[in-house]
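Single-structure report; data block below.
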Amino acid sequence: MLDVQLLRSRLDFVAERLATRGMSLDVAAFQALEDERKERQTRTQDLQARRNALSKQVGQLKSKGEDTTAVLAEVAGLGDELKANEVALADLLERFNAFVAGLPNLPHESVPVGKSEEDNVEVRRWGTLPSFDFQVRDHVEIGARLGGLDFETAVKISGARFTLMKGGLARLHRALAQFMLDTHTGEHGYTELYAPYLVNADSMYGTGQLPKFEEELFSVPKADGSKFYLIPTAEVPVTNIVRGEIVPAEQLPLKFVCHTPCFRSEAGSYGKDTRGMIRQHQFDKVELVRIERPENAWEALEELTGHAETILQKLGLPYRKIVLCSGDMGFGSAKTYDLEVWLPAQNTYREISSCSCFESFQARRMQARFKNAQGKNETLATLNGSGLAVGRTLVAVLENYQQADGSVHIPEVLRPYMGGLMVLEPVL
RNA sequence: GGAGAGAUGGCAGAGUGGUCGAAUGCGCCGGACUCGAAAUCCGGUAUGCGGUUAUACCGCAUCGAGGGUUCGAAUCCCUCUCUCUCCGCCA
């Protein structure tokens with residue numbers, strides 16, 4: 001969430017920055033809440049101080065064996081007003097916090113202002129687009145010919161937006177994840193993690209999925225009436241490692257890589273990407289997460305994005321890097337780069353990685369801090385990015401490495417993970 | 001699933017209604033002593049929030065979480081969560 005101090009001291013500035021996201025901040029509503037909060041809180045604390053002082057007097061008088069009825073009478077007079085103020089304050093703070101928690105992060109000044117994905121700005125392109133002297137097939141058809149992608153059976157087992165993979169294709173999927181993990185741990189200095197796929201509401205709140213985006217999550221009821229949430233990304237369990245912690249400064253930065261399935265309800269995307277495995281309820285992703293000193297956060301974003309790009313380059317997949325405009329960024333992000341991989345069958349680039357810097361937006365609500373050089377606790381900065389989405393990478397490999405006879409060449413870096421296999425042969 | 005024990009500061013650990021935000025020890029920081037270090041001695045050392053722009057000062061809240069009793073709760077009552085030990089079951 002945003003820094004409350006910033007809201008109080010530079011409300012107009014915050015409103016102006018939020019406006020670039022297409023978000024109109026109700027300045028008057030905030031000011032009214034803040035004024036009431038200040039008055040109510042001051043009053044309540046004064047009454048509490050009074051009560052505490054009088055109660056202390058009672059104790060002192062009693063220990064000397066003196067009469068306490070006068071003091072008791074005075075403190076009794078405070079009771080009703082104090083109670084009323086405490087109740088009103090609690091209610092007010094709840095509304096105040098809900099208001100602030102509902103505000104998205106401010107875009108970094110380098111972020112282009114725009115309304116929608118139309119206004120995103122391309123930063124650069126990498127790679128040469130493949131040319132085919134035959135009719136290109138999409139991954140659904142390629143996968144079917146390889147006998148490895150089976151959507152019909154997945155529908156029977158679960159329903160729409162699920163995939164069943166078999167044989168060499170399932171192995172290729174696994175190989176991609178292994179390759180990504182090995183590259184990030186071996187060459188980029190990330191620590192590999194295995195993390196829970198079911199998390200509690202506090203964790204979802206910490207990374208900002210809750211309270212605003214509950215409908216995008218799957219959940220599992222628990223016997224006690226609460227629920228587990230299925231992670232929509234490894235960002236959630238991994239970033240929450242530092243929730244409520246004061247990380248020793250010498251341990252920074254923390255660089256984690258974690259391969260998990262991701263679960264998304266995709267509510268509101270009916271009819272979008274219904275063919276194939278582009279948009280699924282369940283998909284694997286290798287996620288990079290960094291916990292940084294705020295002053296290093298922007299450099300870290302460039303580095304992290306570069307680490308994700310490395311995977312695409314080693315796989316020889318053409319892609320472009322774009323910077324999301326203010327209106328297209330996620331809720332907590334201050335700046336986001338998307339990597340889009342070339343998909344020949346769609347004749348376009350499609351998102352395969354999203355790398356974001358949250359500054360202290362997530363860490364503030366998570367109370368994730370470190371001791372700075374002055375010995376003071378300071379809020380950390382958090383970043384994350386896909387390194388990469390495994391399912392979509394598989395799609396990209398199938399489409400970019402397809403051959404006229406229906407076979408698919410295996411990128412060289414993956415062959416060690418495929419037992420040396422160089423090509424997947426069609427069975428149809 | 002059964003039986004029992006427990007949750008207090010960075011750690012260990014005291015505290016069963018009244019100057020307790022909390023003894024003591026360890027750790028850490030500063031100082032003294034020393035050529036320097038060790039040892040020893042002295043002092044300091046939780047977090048969040050508010051007054052308030054402030055590393056000054058004052059106040060509020062916090063002893064697993066939430067509620068209750070009370071003028072006053074770490075301490076008493078209720079509910080919940082988590083941890084540990086033993087037994088059973090189990091990938």
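In what follows, chains carry the letters A, B, and so on, assigned in the order in which the sequence lines appear, proteins first and then strands, with residues in each chain numbered from 1. Predicted model only: the values in this text are computed from it and were never measured.
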(message) Show every salt bridge (Lys or Arg N to Asp or Glu O under 4.0 Å) that has at least one partner inside residues 3-23 of chain A, sequence neighbours left out.
(response) R8(A)-E34(A)

Can you tell me the distance, in whole Å, between the [atom1] atom of [X] and the [atom2] atom of [N]?
X       : N      : atom1 : atom2 : value
R365(A) : G48(B) : CZ    : P     : 18 Å
D46(A)  : C60(B) : CG    : C1'   : 10 Å
D3(A)   : U52(B) : CG    : P     : 18 Å
L93(A)  : A61(B) : CG    : P     : 14 Å
K56(A)  : G21(B) : NZ    : C1'   : 11 Å
K38(A)  : G50(B) : NZ    : P     : 11 Å
R50(A)  : C58(B) : CZ    : C1'   : 17 Å
L54(A)  : U19(B) : CG    : P     : 16 Å

(request) Could you say whether I246(A) or V4(A) is positioned toward the 5' end of RNA chain B, judged by the nucleotide with the nearest heavy atom to each? (result) I246(A)

(request) Could you check S9(A) against Q367(A) and say which one's nearest nucleotide on RNA chain B is further toward the 5' end? (result) Q367(A)

(message) Once hydrogens and angles are ignored, does a donor-acceptor distance under 3.5 Å link the base of G59(B) to the side chain of Q45(A)?
(response) yes

In whole Å, measure the gap between the [atom1] atoms of [N] and [M] for me.
N      : M      : atom1 : value
C49(B) : G36(B) : C1'   : 46 Å
A65(B) : C82(B) : C1'   : 10 Å
U70(B) : G13(B) : P     : 36 Å
G59(B) : G21(B) : C1'   : 14 Å
A39(B) : C28(B) : P     : 10 Å
G43(B) : U53(B) : C1'   : 32 Å
A46(B) : G31(B) : C1'   : 23 Å
C58(B) : G15(B) : C1'   : 29 Å

Applying the Watson-Crick and G-U wobble criteria at under 3.5 Å, what pairs with [N]? Answer none if nothing qualifies.
N      : result
U75(B) : none
U53(B) : none
U47(B) : A61(B)
C41(B) : G31(B)
U70(B) : none
C11(B) : G25(B)
U19(B) : none
G6(B)  : C82(B)

Are the side chain of [X] and the backbone of [Y] linked by a donor-acceptor contact shorter than 3.5 Å?
X       : Y       : answer
T185(A) : D182(A) : yes
N384(A) : E287(A) : no
S386(A) : S354(A) : yes
K255(A) : H188(A) : yes

(message) Using a 4.0 Å cut-off on heavy atoms, which residues in residues 58-77 of chain A reach RNA chain B? List them by number, or say none.
(response) V58(A), G59(A), Q60(A), K62(A), L72(A), V75(A)

Can you figure out which of [options] approaches the side chain of [X] most closely?
X       : options                : answer
Q5(A)   : U47(B), G50(B), G72(B) : G50(B)
R51(A)  : U47(B), C71(B), C49(B) : C71(B)
A49(A)  : G59(B), U53(B), U47(B) : G59(B)
Q48(A)  : U19(B), C60(B), U52(B) : C60(B)
R369(A) : G50(B), C71(B), G48(B) : G48(B)

(message) Counting only heavy atoms from other residues, nucleotides and ligands, does the tally under 6.0 Å from CD of E425(A) exceed 12?
(response) yes

(request) Report which part of the nucleic acid R40(A) touches: base, sugar-phosphate, or nothing (heavy-atom distance under 4.0 Å, all strands). (result) nothing

(message) What contact category does R10(A) fall into here, base, sugar-phosphate, or nothing, at under 4.0 angstrom with non-hydrogen atoms?
(response) nothing

(request) Would you check if L230(A) and L198(A) make a side-chain contact, meaning some heavy-atom pair closer than 4.5 Å? (result) yes

(request) Flag the pair K335(A) / S110(A) as yes when at least one side-chain heavy-atom distance between them is below 4.5 Å, and no otherwise. (result) yes

Grab the N/O contacts between the protein and nucleotides 63-68 of chain B below 3.5 Å, and write none if there aren't any.
none

(message) Using a 6.0 Å distance limit plus a 45 degree cone around the ring axis, check whether R365(A) lies over the aromatic ring of Y205(A).
(response) yes

(message) Between N52(A) and G59(B), is there a contact of a side-chain N or O with OP1 or OP2 at under 4.0 Å?
(response) no

(message) In this structure, is the centre-to-centre distance between the rings of F263(A) and Y197(A) below 6.0 Å?
(response) no

(request) Kindly give the heavy-atom pair with the smallest separation between P294(A) and F370(A), and that separation in Å. (result) CD-CE2, 3.8 Å

(request) Test R43(A) against every option in E36(A), E81(A), E86(A) by the salt bridge (charged side-chain N to carboxylate O under 4.0 Å, His left out) rule and name the one that passes. (result) E81(A)

(request) Answer with yes or no whether the side chains of E235(A) and Q362(A) bring together a donor and an acceptor at under 3.5 Å. (result) yes

